[in-house]
Number of protein chains: 2
Amino acid sequence: MAVTIRDVARVSGVHVSTVSRTLSAAHLVSPDTRARVLAAADALGYRPNRAARALSTSRTGNLGLIVADIANPFFPPLVKSAQAQARERDYHVFVADTDERPEVEEELVRSMAKQVDGVLLVAPRLANRVIAELSRELPLVVVNRRLRGVPGVLMDVGSGARQALDHLLGLGHREIALATGPHTAWTSREIERAAEGLAAERGVLLQRIGPNPPTEEGGRSAAEEVAASGASAVLAHNDLMAFGLVRQAAGLGLSVPGDLSVVGVDNSHVAQYCSPALTTVEMPVSAAGRGAVDLLLQAVGAGDPPGTVSLETGLVVRESTAPPRGVGAVD
Amino acid sequence: MAVTIRDVARVSGVHVSTVSRTLSAAHLVSPDTRARVLAAADALGYRPNRAARALSTSRTGNLGLIVADIANPFFPPLVKSAQAQARERDYHVFVADTDERPEVEEELVRSMAKQVDGVLLVAPRLANRVIAELSRELPLVVVNRRLRGVPGVLMDVGSGARQALDHLLGLGHREIALATGPHTAWTSREIERAAEGLAAERGVLLQRIGPNPPTEEGGRSAAEEVAASGASAVLAHNDLMAFGLVRQAAGLGLSVPGDLSVVGVDNSHVAQYCSPALTTVEMPVSAAGRGAVDLLLQAVGAGDPPGTVSLETGLVVRESTAPPRGVGAVD
DNA sequence: CACATACCTGCAAACGTTTGCAAGTATCTC
DNA sequence: GAGATACTTGCAAACGTTTGCAGGTATGTG
């Protein structure tokens with residue numbers, strides 16, 4: 001029923017192999033046959049069957065993109081840019097959501113393996129060992145995860161976290177809490193590492209809260225502990241948790257930023273609209289999506305694993321941070 | 001290199017066709033050979049090649065999901081639920097973003113056609129004629145578009161819009177603007193139709209503003225016109241535009257809801273966090289995603305086009321609406 | 001015991017491409 | 001004008017599955 005290469009061959013009076021070459025190695029066919037073939041293909045509305053092509057070339061023209069939670073506002077811009085970049089290179093993208101479950105993540109990679117040329121793991125929750133194992137079976141690129149032997153794009157959230165902490169210290173805060181996300185997330189560990197490093201330098205002790213799920217709900221849970229800790233400021237694992245924190249803090253009678261300063265991470269679209277507008281670490285999400293696709297295609301093409309790309313982050317100061325009660329700004 | 005059905009056959013000492021049957025028509029093979037085959041498959045870590053399977057069955061096990069703008073917060077929950085539902089049925093999902101460009105939309109469907117069993121068009125911007133044409137080539141399901149002959153899931157935004165307008169009228173507003181989105185979007189026309197219908201009933205004239213792109217930027221543009229129109233309330237095409245409106249209104253010296261009441265549509269995640277929290281029409285987005293996948297798979301399987309499913313919407317009143325200046329609430 | 005029936009398995013073609021190989025023709029060089 | 005060279009094309013195998021057909025063995029029936 002569908003029009004195949006055979007139909008085009010029949011109509012243009014050449015062998016199928018000539019049609020094939022016209023379409024994928026044009027320089028191997030004479031100008032006039034090429035013209036005839038293209039005319040026929042056009043007239044018939046021929047589109048190559050990518051599955052069939054995949055079978056003989058073992059190149060599918062597809063990529064997999066696996067994220068923990070599409071509904072988390074951190075991901076959509078990344079999905080968007082990755083998908084756009086892929087399409088520009090004539091690739092299609094499978095998108096899958098793991099619901100934050102590592103075992104689903106692994107199963108997804110495995111089930112996609114035969115159907116894609118490579119997979120992008122964004123903020124994977126999988127154990128290093130498993131990722132390394134998978135990357136032996138097909139080209140893999142990780143985003144926000146550092147793993148030797150596996151190319152990756154990192155958003156240097158550590159430097160952003162340090163800026164955030166520096167900002168809070170500058171405002172005069174001394175009792176600062178760190179609301180951590182899943183310990184399987186590289187960003188979470190990275191934020192802890194960077195923040196605690198800087199805190200140590202400055203002779204301040206950070207209260208570590210959590211881990212909690214990287215969701216609004218997780219932020220609410222964290223709020224109780226933060227309140228109990230008596231901290232005057234908190235650095236949340238991401239914007240979603242920060243929103244939950246702000247919300248629940250209000251429920252506990254704490255105003256933000258009056259009683260509690262809150263800093264998020266992601267600078268998701270939402271951060272600028274919420275009330276109070278959220279001070280947050282900006283992540284170069286779109287660039288990461290594009291870069292990851294480029295890296296992946298490079299790995300697919302060349303076979304030699306390119307290295308790790310690191311992207312800058314920065315702090316966006318808005319309204320959710322202020323000096324603690326009874327203290328004027330210090331810097 | 002990859003393990004194929006042939007390897008499994010060799011190891012288990014049967015013909016490939018027996019392996020194939022074991023995996024896709026288990027009742028046709030004796031229990032003990034089945035056991036042997038499964039053991040071998042398991043030992044080798046065999047995974048069927050879906051592309052090859054597609055070639056002989058002409059069933060790919062893939063679906064396409066095409067949206068106008070993944071970064072628009074309306075879409076992610078839909079993508080998430082659709083993808084989850086598909087995965088439960090052992091389908092993989094291609095996700096593509098059209099950047100609001102109809103011609104990209106068409107091209108995407110065509111380029112996916114051979115690789116999927118059906119496509120979900122979410123809030124398509126394409127002309128009816130083109131959609132109808134495409135649906136003759138492969139199973140199609142539309143979300144938020146009414147089109148005879150093409151199964152679809154509709155979120156009855158009209159009733160939500162009427163509730164919203166009723167709410168505004170109840171507050172005492174008489175000068176109400178309608179900030180419309182792309183006229184190619186069904187929801188946009190539906191909102192206009194419903195709101196203008198109700199307005200006529202109540203003897204009020206709506207100021208139609210736009211169309212503007214359904215983005216924050218579009219909302220900003222609309223704000224100028226709304227301010228010039230002297231309206232005391234505005235119903236925006238979606239939440240994103242509503243945010244832009246609120247923002248730009250502030251820039252023009254209008255406070256929300258004091259000088260201007262704003263209602264959005266979508267009840268996206270953001271609406272509850274922004275300031276002021278947005279009064280908005282709630283869309284059953286997750287249910288729509290699941291329902292659309294079910295409909296599509298039904299169409300793929302049975303071949304008989306199922307009908308149209310309509311889902312309820314409702315109004316969520318928050319803080320962005322209030323009586324107009326100098327008027328107490330009427331109801 | 002002969003025959004029909006049910007069950008299980010192998011054979012081989014088909015799905016729509018790509019691609020190495022060989023054969024044919026035209027062009028070039030001396 | 002002969003041989004070498006460069007182009008262009010067709011042939012057929014291969015990619016990994018599925019599936020209609022036929023053959024074979026066991027089981028059941030009278």
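Quick note on labels: first sequence line is chain A, next is B, and so on, each numbered from 1. Hydrogens, waters and symmetry mates are skipped; everything else that's a heavy atom, side chains included, is used.
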Q: Of all the nucleotides listed (C/dT19, C/dT17, D/dT18), which has the minimum atom distance to the side chain of A/T57?
A: C/dT19

Q: Does a nitrogen or oxygen in the side chain of A/S24 sit under 4.0 Å from OP1 or OP2 of C/dT17?
A: no

Q: Rounded to whole angstroms, how far apart are CZ on B/R59 and C1' on D/dT17?
A: 16 Å

Q: Find which nucleotide of DNA chain C each of A/Y46 and B/R21 is nearest to by heavy atoms, and output the residue with the more 5' nucleotide.
A: B/R21

Q: Students often get this wrong, so: under 4.0 angstrom with heavy atoms, is A/S17 touching a base, only sugar-phosphate, or nothing?
A: base

Q: For the pair made of CD in B/Q115 and C1' in C/dC15, what is the distance, rounded to whole Å?
A: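 Answer to the nearest Å: 15 Å.
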
Q: Show your working on salt bridge (Lys or Arg N to Asp or Glu O under 4.0 Å) between A/D90 and A/R50 and close with a plain yes or no.
A: CA-CA 11 Å; A/D90 203 27; A/R50 296 182 135 214; 3.5 Å; yes

Q: Please determine whether a side-chain nitrogen of the Lys or Arg among A/R47 and B/E107 lies less than 4.0 Å from a carboxylate oxygen of the Asp or Glu.
A: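 Salt bridge flag = yes for B/E107 with A/R47.
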
Q: With the side chain of B/H15 defined as its heavy atoms from C-beta on, choose the nearest nucleotide among C/dG10, C/dT17, D/dT18.
A: C/dG10

Q: Rounding to an integer number of Å, can you tell me how far A/I5 CD1 sits from D/dA14 P?
A: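 Atom CD1 in A/I5 sits about 19 Å away from atom P in D/dA14.
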
Q: How about B/M155 and B/L78: do any of their side-chain heavy atoms sit closer than 4.5 Å?
A: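 Answer yes - side chains close enough.
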
Q: How would you label the contact of B/T33 with the nucleic acid (heavy atoms, under 4.0 Å): base, sugar-phosphate, or nothing?
A: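 Sugar-phosphate, backbone atoms only, no base.
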
Q: Can you measure A/L55 atom CG to C/dT19 atom P for me and round it to whole angstrom units?
A: 12 Å

Q: Give a yes/no answer on whether the side chain of A/T18 brings an N or O atom under 4.0 Å of OP1 or OP2 in D/dT9.
A: no

Q: Whether the side chain of B/R50 and the base of D/dG16 hold a donor-acceptor pair under 3.5 Å is what I'd like checked.
A: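 For B/R50, whose side chain was compared with the base of D/dG16, there is no donor-acceptor pair (under 3.5 Å).
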
Q: May I ask you to say what B/R47 touches in the nucleic acid, namely base, sugar-phosphate or nothing, with a heavy-atom cut-off under 4.0 Å?
A: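 The answer is sugar-phosphate, as B/R47 gets under 4.0 Å only of primed atoms, P, OP1 or OP2.
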
Q: Taking atom P of D/dT17 as reference, at what distance in whole Å does atom CG of B/L23 sit?
A: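 B/L23 atom CG is separated from D/dT17 atom P by 9 Å.
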
Q: Thinking salt bridges, do B/E133 and B/R110 make one under a 4.0 Å N-O criterion?
A: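 Salt bridge: yes.
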
Q: Judged by each residue's nearest nucleotide on DNA chain C, which is more toward the 5′ side, B/L28 or B/K114?
A: B/L28

Q: Mind calculating the distance between CZ (A/R10) and P (C/dT17) to the nearest angstrom?
A: 13 Å

Q: So A/S20, base contact, sugar-phosphate only, or nothing? Heavy-atom distance under 4.0 Å.
A: base

Q: Mind calculating the distance between CG (B/D32) and P (C/dT9) to the nearest angstrom?
A: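 In whole Å, C/dT9 P lies 7 Å from B/D32 CG.
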
Q: Hey, mind stepping through A/E105 and A/R125 against salt bridge (Lys or Arg N to Asp or Glu O under 4.0 Å) and telling me if it holds?
A: CA-CA 8 Å; A/E105 200 171 323; A/R125 310 301 195 218; over 6 Å; no

Q: Check the distance between D/dG16's C1' and B/L44's CG and give it to me in whole angstrom.
A: 15 Å

